[in-house]
Amino acid sequence: MCGGFRAADAGTRVRLGGWIHRSRDLGGLLFLDLRDRSGLVQISFDPRWAAPEAIASASSAGAESVVLIEGEVALRPPEGRNPEMPTGEVEVRATSISVVGPAETPAIPVSLGKGEKLASEELRLRYRHLDLRRPELRDNMILRHELYQATRRYLDEHGFLEIETPILTKPTPEGARDYLVPSRVHKGEFYALPQSPQIYKQLLMVAGFDRYFQIARCFRDEDLRADRQPEFTQIDIEASFIEPEDVYRLTEGLIAALFRVAGLSVPETFNRMTYADAMETYGCDRPDLRYDLKIFDATEMVRAAEFGITRSAIEAGGRVRGLRIPGGASFSRKQVDELEAIAKSAGVAGLLRTKRLSGALDGPLAKHLPAGAADSLAIAEGDLCLLAAAPDATANPALDRVRQEVASRLGLAGGANSFVWITDFPLFIRDGASGALGSVHHPFTSPHRDDLARMEQDPENVRALAYDLVLNGTELGGGSIRISDPRVQSRVFSALGISESDAQERFGFLLEGLRSGAPPHGGIAFGFDRIAMMLAGAQSLRDVIAFPKTTAARALFEGAPSAVADADLAELHIRSAN
RNA sequence: GGGGCUGUAGCUCAGCUGGUUAGAGUGCCGGUCUGUCACACCGGAGGUCGCGGGUUCGAUCCCCGUCAGCCCCGCCA
């Protein structure tokens, strides 16, 4: 392998295959950098050891052509060594070369020449076979492979069985849109690609496979982002007779094993935070805890103030909460306006601003505050304080975004990785528009035992046995203890407004399973691609997936999706609307 | 579904207030060159200015539409 040669290999006769990465023709003397998946090595052609025909052949071979080289590994002359290259001590003195895979001039550069920049992402995706040759993407794929292996090794060692579940499954009316697959045999009927193997893994528990895992491909037909692909990979885990604590302990070990692959260490155990605390203190359920910047409540301090904005917000049932920004008093008017614009785009009417200079607070609100307000609100000299007077439902996302923007401006997010388990999610969430209850996680999530009694009267305050693992503001994975008691499952369906017959039609095979002797069970799923992206230091999921889709869910290399012939549709009992 | 940015040579980009022959770097082709490694030097070829329409004496440039890529909101149990 090209990248592995060292000084100790000098004298070895070798036969090497690889791609011409770059060549330097000095006239009578010629150098090639030969590349394979292991790296680069310099091949030298000199009349002292290479026949004239070999030199001519090497000289005319184009970049990215595949060649076979015969020669001998030799130490380079001392002045010709290259400390920048792992193989820089040596070169292969070629005696023959044969061009076995001539290449046309590459459509996009693989090795970047003088002043050259990376081709646009559109072209990189169209010519993916070339882009994947670049060392950066090659290394990402190798890292990904090692993450697969570490996952399998760790879970195998902990007694988990790898079991595959179907790709052709049943459409689910809830959740994300399904990718549908028409049935040829059954006119007018459809399979769906799985959004996750959720129900199958629960049935595997019912079947007695008490520890299951799968590196599972999942499909969701929703709009994309830099960190969202329509098909993606999860590390899917489920086990019987376990509690949340068991899941935490098991998967902290798994995450440690995965981070070790990238040479990173992680804490022995991860911090915990309840959903309620996360929302109260950070305004979101996946806080970035690399920096402090906590949201605080100033409602009591301003309650008595004769100030219209805060007064009406409080009377309407809202609160006044905000952020103290250390040193923020030096922000320009324009900078603060930008922060306010971010908050407004998240739904609040505006931000109240006050800063502490020379001991006192300024701003329109300040004169309505009691003496000593700055101290009791812990606003320090030089701080800027931004307040949102609104119901939590709008203030939380607004303050969350302002918090992130401030952290990015002040460069606060550079510290050590910060893992945190978010626990005690609510079981239900009420849809603002329709007023209907929906599942926060999914309808099979177990309510907290202590909250079972209030399921019917006070469903919005029922906690779920659900948890997410968050790293630096990104959700790495999430899961729950599932419902294993069919009576509890019925009550949850009923709270969700799913009738007995609906439930039977949609999830009948799971309900039958629960009635036939179901162990208590639960699990978790991790976003494999996101973990790979983080560990690779990549900016986009597309850089850790061999053949990704564009933001419009197209595959540019193969041209999918594409139209099909009417005859093919007819066989599937389908007609295009166009 | 909505908003923003981008589209000019194989690749990366520049192109002034709308004006004669659309430029640069790199790659490619030809030549010189015996220790280069982003080799160096000399010469050359290479353009549907994404596509369609409009305004104008005249459009790469202004307007409308459309396609594609990227980013964001909605969406993603």
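Letters A, B, ... mirror the listed sequences (proteins, then strands); counts begin at 1. From a predicted model like this one, the values you see are computed outputs, not experimental measurements.
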Could you check whether [X] gets within reach of a base, just the sugar-phosphate, or nothing at all, counting any heavy atom under 4.0 Å?
| X | result |
| --- | --- |
| A/Asp46 | base |
| A/Glu121 | sugar-phosphate |
| A/Leu30 | nothing |
| A/Arg554 | sugar-phosphate |
| A/Ala346 | nothing |
| A/Arg81 | base |
| A/Glu91 | base |
| A/Thr551 | base |
| A/Arg76 | base |
| A/Pro109 | sugar-phosphate |
| A/Ser196 | base |

Taking the ring of A/Phe45 and the ring of A/Phe31, is the distance between their centroids below 6.0 Å? no
Output yes when at least one side-chain N/O atom of [X] is less than 4.0 Å from OP1 or OP2 of [N], else no.
| X | N | answer |
| --- | --- | --- |
| A/Arg24 | B/rU36 | no |
| A/Thr550 | B/rG69 | yes |
| A/Arg220 | B/rC75 | no |
| A/Thr172 | B/rA77 | no |

Which whole number of Å gives the distance between the P atom of B/rG27 and that of B/rA38? 13 Å
Rounding to an integer number of angstrom, what distance separates B/rG46 and B/rU21 when you compare their C1' atoms? 16 Å
Distance, rounded to the nearest Å, where A/Tyr127 contributes OH and B/rG69 contributes P: 14 Å
Rounded to the Å, how far apart are A/Leu118 CG and B/rG10 P? 19 Å
Would you say the side chain of A/Arg225 and the base of B/rG74 hold a donor-acceptor pair, judged only by whether the two atoms sit under 3.5 Å apart? yes
Any carboxylate oxygen within less than 4.0 angstrom of a Lys/Arg side-chain nitrogen, looking at [X] and [Y]?
| X | Y | answer |
| --- | --- | --- |
| A/Arg126 | A/Glu558 | no |
| A/Asp131 | A/Arg124 | yes |
| A/Glu231 | A/Lys549 | yes |
| A/Arg93 | A/Glu72 | no |

For A/Gly62 and A/Ala119, find the nucleotide of RNA chain B closest to each by heavy atoms; which residue's nucleotide sits nearer the 5' end? A/Ala119
Find which nucleotide of RNA chain B each of A/Leu224 and A/Asn82 is nearest to by heavy atoms, and output the residue with the more 5' nucleotide. A/Asn82
For the backbone of A/Ala546 and the side chain of A/Arg128, can you confirm whether one donor and one acceptor N or O come within less than 3.5 Å of each other? yes
